[in-house]
Number of protein chains: 2
Amino acid sequence: MGPRYQLVSDALKQAIESGQIQPGRSIPAERQLAEDFGVSRVTVRRAVDDLVDEGLLLRRQGSGTFVRARVEKQFAKLSSFTEDMIARGRTPSSKWISRSTGTVTPSEALSLGLSPGSDVLRFVRARYADGESMALERSTIASFALPDIEQVGDSLYVALEASGHRPVRALQKLRAVLFDKATADLLGVHVGMPGLLIERRGFLADGRAVEMTESWYRGDSYDFVAELVEG
Amino acid sequence: MGPRYQLVSDALKQAIESGQIQPGRSIPAERQLAEDFGVSRVTVRRAVDDLVDEGLLLRRQGSGTFVRARVEKQFAKLSSFTEDMIARGRTPSSKWISRSTGTVTPSEALSLGLSPGSDVLRFVRARYADGESMALERSTIASFALPDIEQVGDSLYVALEASGHRPVRALQKLRAVLFDKATADLLGVHVGMPGLLIERRGFLADGRAVEMTESWYRGDSYDFVAELVEG
DNA sequence: CAGTGGTCTAGACCACTGC
DNA sequence: CAGTGGTCTAGACCACTGC
């Protein structure tokens, strides 16, 4: 049995998502919820805090707490290609092009915060959605994060999760490029087609970098969506 | 005088940023801080919560609360082109290409959540950094958000701020495109150059959409950076 | 002025860490 | 087992809203 605020926020969430409380309408007052659920008002606030953070609710002092007119789902989530495609209703697949072990290059060492000479694993693969080529990915993983290269199946993130080193935060940099011949050939597209180059570094909760990935996405078939918040 | 938790979090933040507490070291225990600041432990937790949310501190149950090894600054901030360029140490400038008033198109109405027939303001401008062309921007603003089109100076966001309608949240969609002739000519680049097309909708705190902007960025001179968090 | 969210207290017990 | 963060209570007063 989890904490009580979790029970309260789950119940509220369910009431909102099932449409029992319509967007724009207010949820019961905090004191009322405390009584209804038999918890203190502090616990209710903690539960409501979570839903406000999620963007599901909006507080107005003196007025009430309202179900937010849904803008969009969460887009700034850290998800893998596999999860991303499934969320879009497409069927993802991958083809390994190479997997190898090696020693960090100077730029990888800098990027991953590893000492020179550290071991890394390298993965190159093509990504498909519904059988159509979508992207080429080159990943470098610090070896401490993946004890055995053989245990990596289709999803790198699943393997990282299994070893307890799935990144919880990532920094992405993205720019428009033209595909060069080598990359275009691997994806079966024309040279000179516009593409997105995404450079990503993934970090553990303790701040260590574990993953560095360069992805070349086809510009004609991939949209990148992000939700931004005031800073 | 603001809330007490603010005083506590400001004091902690200052101690961290001034280097009095080194990255990786722990801050005093919550009960100790409560005594030091003469507040309750709940108030201390609220203050620490804020710094944990900011990524400055990391809690470890049973162990302590530690100053985080700084990964990166905040990147998912909602900032205008002007602010963005200044942050990068470049000098932004703009040239108005057109400003006009009109009636929403059906797709704008859908995007901005306006009734058919509503008035909107339209802005087209070229953006420069250090005199070099960077982007072409076409913005559509709901008329309720900007009472007077004449009062818009160089920055649309400054004008929106002045009228109390600056977006606090935005949804961006981004993809790679090739510049068409009209856009390439306005930016002084070659047709067929790769570019980023960013479609943005900006929302007020109450969820209303006020802004819809399409920006064509030169792919060779603009990087888009985003910080993602686990969803 | 009744009702709502915003802040705060003093104290309690639990779960986990690290010796 | 001492110390730490995690959760929770009952109650209080303040600031703001909307009539």
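Letters A, B, ... are given to chains in the order of the sequence lines, protein chains preceding strands, and every chain is numbered from 1.
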If you compare every side-chain N and O of Arg59(B) against the phosphate oxygens of dG6(D) (OP1, OP2), does one of them come in below 4.0 Å?
yes
Reading 5' to 3' and counting Watson-Crick or G-U wobble pairs with both distances under 3.5 Å, write the dot-bracket notation for DNA chain C, | for bases paired outside the strand.
||||||||||||||||||.
Using a cut-off of 4.0 Å on non-hydrogen atoms, how would the nucleic acid contact of Arg46(B) be classed: base, sugar-phosphate, or nothing?
sugar-phosphate
Each nucleotide of nucleotides 9-16 of chain D classed B (base within 4.0 Å of a protein heavy atom), S (only sugar-phosphate) or -, in 5' to 3' order, makes BB-BB-BB
Hits for side-chain contact (heavy atoms from CB on, under 4.5 Å) against Ala11(B), two or more places apart or cross-chain, chain-then-number order -> Phe37(B)
Contacts of type side-chain contact (heavy atoms from CB on, under 4.5 Å), residue Phe66(B), not counting sequence neighbours
Ser26(B), Arg60(B), Ser63(B)
Do any side-chain nitrogens or oxygens of Tyr5(A) fall under 4.0 Å of OP1 or OP2 in dT7(D)?
yes
Between Pro167(B) and Leu160(B), what is the shortest heavy-atom contact and its length?
CD-CD1, 4.0 Å
Contacts of Ser100(A) that satisfy side chain to side chain donor-acceptor pair (under 3.5 Å) - sequence neighbours left out:
none
Quickly, which of Asp49(A), Thr43(A), Val39(A) forms a side chain to side chain contact (heavy atoms under 4.5 Å, CB included) with Tyr5(A)? Name it, please.
Thr43(A)
Salt-bridged, Glu137(B) to Arg200(B), with N to O below 4.0 Å?
no
Ring pair (Phe, Tyr, Trp, His ring centres under 6.0 Å) involving Phe123(A) - partner list, sequence neighbours excluded
Trp96(A)
So Ser26(B), base contact, sugar-phosphate only, or nothing? Heavy-atom distance under 4.0 Å.
nothing
